[in-house]
Amino acid sequence: MLNLGLDTKFVRETLDENGMLVDYTLDYPETFNFAYDIVDAAAGLDPGRLALLWCDVEGNERRFTYREIMEKSNQTANYFLSLGVRKGDRVMLVLKRHYQYWFSILALHKIGAVAIPATHLLTTKDYVYRFQSASVKAVVATTDQNTPAAIDEAAKQCPELQIKVSVKGAVPGWHDFDGELPSFPTELPRQDTKAHEPMLLYFTSGTTGYPKMVYHDYTYALAHIITAKYWQQVEPGTIHLTISDTGWGKAAWGKLYGQWTMGATVLVYDFDKFDPAQMLGVMSKYKITSFCAPPTMFRFFIKEGIEHYDLSSLKHASIAGEALNPEVFYRFQEYTGLKLMEGFGQTETTLILGNLKGMEPKPGSMGKPSPMYHVDVVDEEGNSVPPGETGEIVLRVKEGEKQPGLFCGYYRDEARTTEVWHDGLYHTRDTAWRDEDGYYWYVGRTDDVIKSSGYRIGPFEIESVLMEHPSVLECAVTGAPDPVRGQVIKATIVLAKGYEESEELKKELQTYVKKQTAPYKYPRIVQFVKELPKTISGKIKRNEIQ
């Protein structure tokens with residue numbers, strides 16, 4: 001398949017003698033816009049190349065070439081302009097995995113409006129907070145799960161919300177996307193946008209407080225070339241599948257920017273409830289070549305019987321978002337011959353650390369720093385720590401210099417921006433240690449570190465060990481007050497089906513941890529619960545665990 005060369009048009013990269021990336025610098029015009037300069041450019045170079053392959057659980061299928069994506073996004077831009085959407089307006093997209101999402105987000109990029117992807121799992125209260133915080137002018141939403149009703153209820157408290165557009169069905173008082181779009185032209189004069197103007201805004205949930213508003217400019221799209229090309233190892237003309245719903249930041253990592261810059265096809269499977277058998281069937285049917293998902297999905301695949309599916313087309317698999325069980329790594333390798341390539345980043349960034357093309361992964365390690373960032377591990381005073389010592393992951397950024405891929409700040413919240421970004425450092429609030437070979441190993445969030453008897457203990461490692469025990473479905477490790485040790489380790493556990501809580505099981509789990517890691521890290525308190533408190537994005541809220 002012809003390489004369109006768009007991955008190198010705005011990039012200067014250097015490879016070593018082994019073909020590994022060692023330097024990466026973006027070089028782009030002040031008017032760079034992903035929708036025009038990548039998608040429309042691809043349509044001009046190879047209009048018939050398949051860009052988006054969409055299918056759903058009912059067996060419906062739609063295929064869109066790069067030219068058709070260009071035309072549909074132009075048409076959608078004209079439609080939005082007719083409704084009153086203008087440059088700088090904030091527009092929320094609640095579109096699950098519907099193909100209309102890709103038309104809409106590109107249209108907003110072309111207009112210069114700020115796209116706000118969001119999940120359909122939001123409640124009325126969630127919408128009110130988001131609409132008011134970002135002064136949202138328009139919303140484009142699915143009709144699934146009665147989403148319009150929750151938005152209508154929220155709109156009563158949000159007078160700035162002026163435009164409501166429904167997808168997959170007409171709704172009283174709303175514009176009908178599918179019904180109204182066809183009457184608009186498929187040509188659009190290039191609008192006036194700049195590379196460092198706001199393009200994308202995400203509400204990111206932490207374990208405490210209200211979600212923060214992370215906003216990125218147009219250079220964010222280019223920074224994801226490394227994500228796709230060197231981590232997911234997407235190649236021109238291949239088919240890539242990332243499971244994420246479009247409401248989460250991971251969709252930008254795996255369903256749009258880097259993949260289309262590489263001239264690949266994005267496969268989208270539109271589903272509500274994850275079913276490992278169905279997903280494996282889709283992967284086999286459409287012969288995907290690269291795949292990205294959290295480790296949990298791979299655990300489900302192995303339990304389902306991955307060996308019974310034809311995954312011979314699969315060449316690369318990458319993971320992120322949670323602990324990787326080494327057993328999963330080796331079982332997946334046994335069945336497919338592939339090594340799971342872990343990576344790490346945040347909503348505020350693109351890929352910070354990863355097992356990149358040409359690297360030998362160490363199971364459980366996040367890999368090494370992306371050549372685009374200056375990554376370090378520092379102590380509480382901001383000093384680099386030696387190998388083997390835990391510290392906070394930071395990015396060193398020159399004062400006054402815009403670092404592509406790194407967020408522009410927390411929208412309308414200078415105080416929180418300054419809190420994490422000062423003295424030439426962006427503080428990720430995540431802790432890790434690096435080994436003598438330069439590989440990074442995750443420990444936990446800075447506010448989750450447990451201090452017990454002089455030891456600094458990250459919950460992540462203990463949770464990873466507990467998750468290997470067959471009785472554990474989910475778990476959270478926290479610190480509990482102790483008059484002698486300051487804190488002791490507490491494990492709050494949701495049991496897997498077929499297991500019941502007992503003193504014997506508690507002791508078995510404690511002994512298991514002692515044997516798998518340093519004995520001082522074992523949980524002195526073990527509590528069994530029916531479920532763990534979580535944020536809307538599924539993160540465990542450790543601060544609510546008693």
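Summarising the geometry of Val477 relative to Pro459, their closest heavy-atom pair is O-CB, 3.2 Å, with the distance given to 0.1 Å. Residues Ala252 and His224 come closest through the heavy atom pair O-CD2, 3.9 Å. Here the shortest heavy-atom pairing between Ala251 and Ser244 reads N-OG, 3.5 Å. In terms of heavy atoms, Arg396 sits closest to Gly382 at NH2-O, 3.6 Å. For the pair Ala320 and Gly343, the tightest heavy-atom approach, listed with the atom from each and the gap, is CB-O, 3.5 Å.
Inter-residue side-chain proximity for Gln346 and Asp430 is flagged as met; some heavy-atom pair is nearer than 4.5 Å. Using a 4.5 Å cut-off on side-chain heavy atoms (C-beta onward), Asp435 and Trp441 make contact. Looking only at side-chain heavy atoms (C-beta outward), Leu509 and Leu505 come within less than 4.5 Å of each other. Side-chain contact between Val377 and Thr390: absent, with no pair of heavy atoms (C-beta onward) separated by less than 4.5 Å. A heavy-atom distance below 4.5 Å is found between the side chains of Glu419 and Arg429. The shortest side-chain heavy-atom distance between Trp231 and Cys292 falls under the 4.5 Å cut-off. Side chains of Thr349 and Phe407 form no contact here, defined as non-hydrogen atoms less than 4.5 Å apart. Using a 4.5 Å cut-off on side-chain heavy atoms (C-beta onward), Leu241 and Val266 make no contact.
By the 4.0 Å N-to-carboxylate-O rule, Glu463 lies close enough to Arg542 to be salt-bridged with it. At a threshold of 4.0 Å, the pair Asp437-Lys362 counts as salt-bridged, since one of the basic side-chain nitrogens sits closer than that to a carboxylate oxygen. A salt bridge between Lys96 and Asp144 is present, with a side-chain N of the basic residue lying under 4.0 Å from a carboxylate O of the acidic one. Between Glu304 and Arg299 there is no salt bridge, since no side-chain nitrogen of the basic residue lies less than 4.0 Å from a carboxylate oxygen of the acidic one. Between Lys506 and Glu503 a salt bridge is recorded (basic side-chain N to carboxylate O distance below 4.0 Å). Residues Lys229 and Glu13 are paired through a salt bridge, judged by an N-O separation under 4.0 Å between the basic side chain and the carboxylate.
The six-membered or imidazole ring of His427 lies away from that of Trp421, with a centre-to-centre distance of 6.0 Å or more. When ring centroids are compared, Tyr440 and Phe344 stay outside the 6.0 Å threshold. In this structure, Tyr269 has its ring center no closer than 6.0 Å to that of Phe274.
A donor-acceptor contact closer than 3.5 angstrom links the side chains of Trp54 and Asp270. In the model, Ser384 has a side-chain atom that pairs as donor or acceptor with a side-chain atom of Asp376 under 3.5 Å. Under 3.5 Å, the side chains of Gln527 and Glu501 contain no donor-acceptor pair of N or O atoms. Checked by atom type, the side-chain pair Glu235/His316 shows no donor-acceptor distance below 3.5 Å. Side-chain atoms of Thr289 and His240 form no donor-acceptor pair, as typed in the model, at a separation below 3.5 Å. When only modelled atom types and interatomic distance are considered, Tyr410 and Glu348 share a side-chain donor-acceptor pair under 3.5 Å. Between the side chains of Tyr230 and Ser370, no donor-acceptor pair is found at a separation under 3.5 Å.
Residues meeting the ring pair (Phe, Tyr, Trp, His ring centres under 6.0 Å) test with Tyr439, sequence neighbours left out: none.
Here the side chain of Arg49 pairs a donor or acceptor atom with the backbone of Gly263 at under 3.5 angstrom. When atom types are taken as modelled, the side chain of Tyr309 and the backbone of Val282 share no donor-acceptor pair closer than 3.5 angstrom. The closest donor-acceptor contact from the side chain of Asp379 to the backbone of Glu381 lies under 3.5 Å. In this structure, the side chain of Thr265 engages the main chain of Leu50 through a donor-acceptor pair within 3.5 Å. A donor-acceptor contact shorter than 3.5 Å is absent between the side chain of Thr238 and the backbone of Val234. Side chain of Thr336 to backbone of Phe332: a donor-acceptor contact under 3.5 angstrom is found. Within the 3.5 Å criterion, the main-chain N or O of Ala221 finds no donor-acceptor partner in the side chain of His216. At distances below 3.5 Å, not a single donor-acceptor pair connects side-chain atoms of Gln278 with backbone N or O atoms of Asp275. Under the 3.5 Å distance criterion, the side-chain polar atoms of Thr242 are left unmatched by any main-chain donor or acceptor of Lys255. Under the 3.5 Å distance criterion, the side-chain polar atoms of Trp253 are left unmatched by any main-chain donor or acceptor of Ala228.
For the side chain to side chain contact (heavy atoms under 4.5 Å, CB included) with Ile226, the qualifying choice from Leu21, Asp7, Val11 is Leu21, the only one to do so.
Relative ring orientation between Phe301 and Phe291 is described as tilted, the plane-to-plane angle lying within the 30° to 60° band. Aromatic ring pairs are classed by plane angle as parallel below 30°, tilted from 30° to 60° and perpendicular above 60°; the pair Tyr257 and Phe34 is perpendicular.
With rounding to the nearest 0.5 Å, the separation of OG1 in Thr261 from CD1 in Ile38 is 4.5 Å. Atoms OH and NZ, on Tyr330 and Lys339 in that order, are 9.0 Å from each other to the nearest 0.5 Å. Distance check, rounded to the nearest 0.5 Å: CD of Gln232 to OG1 of Thr227 gives 6.5 Å. Note that CZ of Phe528 is 11.0 Å distant from SG of Cys475, once rounded to the nearest 0.5 Å. Interatomic distance, CZ of Arg62 versus CG of Asp56, reported as 11.5 Å (0.5 Å rounding). Atoms CD1 and OH, from Ile462 and Tyr522 in turn, are 11.5 Å apart once rounded to the nearest 0.5 Å.
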* Val513 and Leu466: CA distance, side-chain angles, deciding distance, side chain to side chain contact (heavy atoms under 4.5 Å, CB included) verdict -> CA-CA 7 Å; Val513 174; Leu466 285 168; 3.6 Å; yes

* Run the numbers on Val394 and Val375 for side chain to side chain contact (heavy atoms under 4.5 Å, CB included), then give the verdict. => CA-CA 6 Å; Val394 299; Val375 186; over 6 Å; no

* Take Tyr512 and Val465 through the side chain to side chain contact (heavy atoms under 4.5 Å, CB included) test and state the conclusion after the steps. => CA-CA 8 Å; Tyr512 183 76; Val465 170; 3.8 Å; yes

* To do: Start with the C-alpha distance between Met20 and Leu15, add both sets of side-chain angles, then the distance that settles side chain to side chain contact (heavy atoms under 4.5 Å, CB included), and finish with yes or no.
  => CA-CA 5 Å; Met20 291 183 60; Leu15 307 180; over 6 Å; no

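Within the cation-pi definition used here (under 6.0 Å to the ring centroid, within 45° of the axis), Arg97 qualifies as a partner of Phe271.
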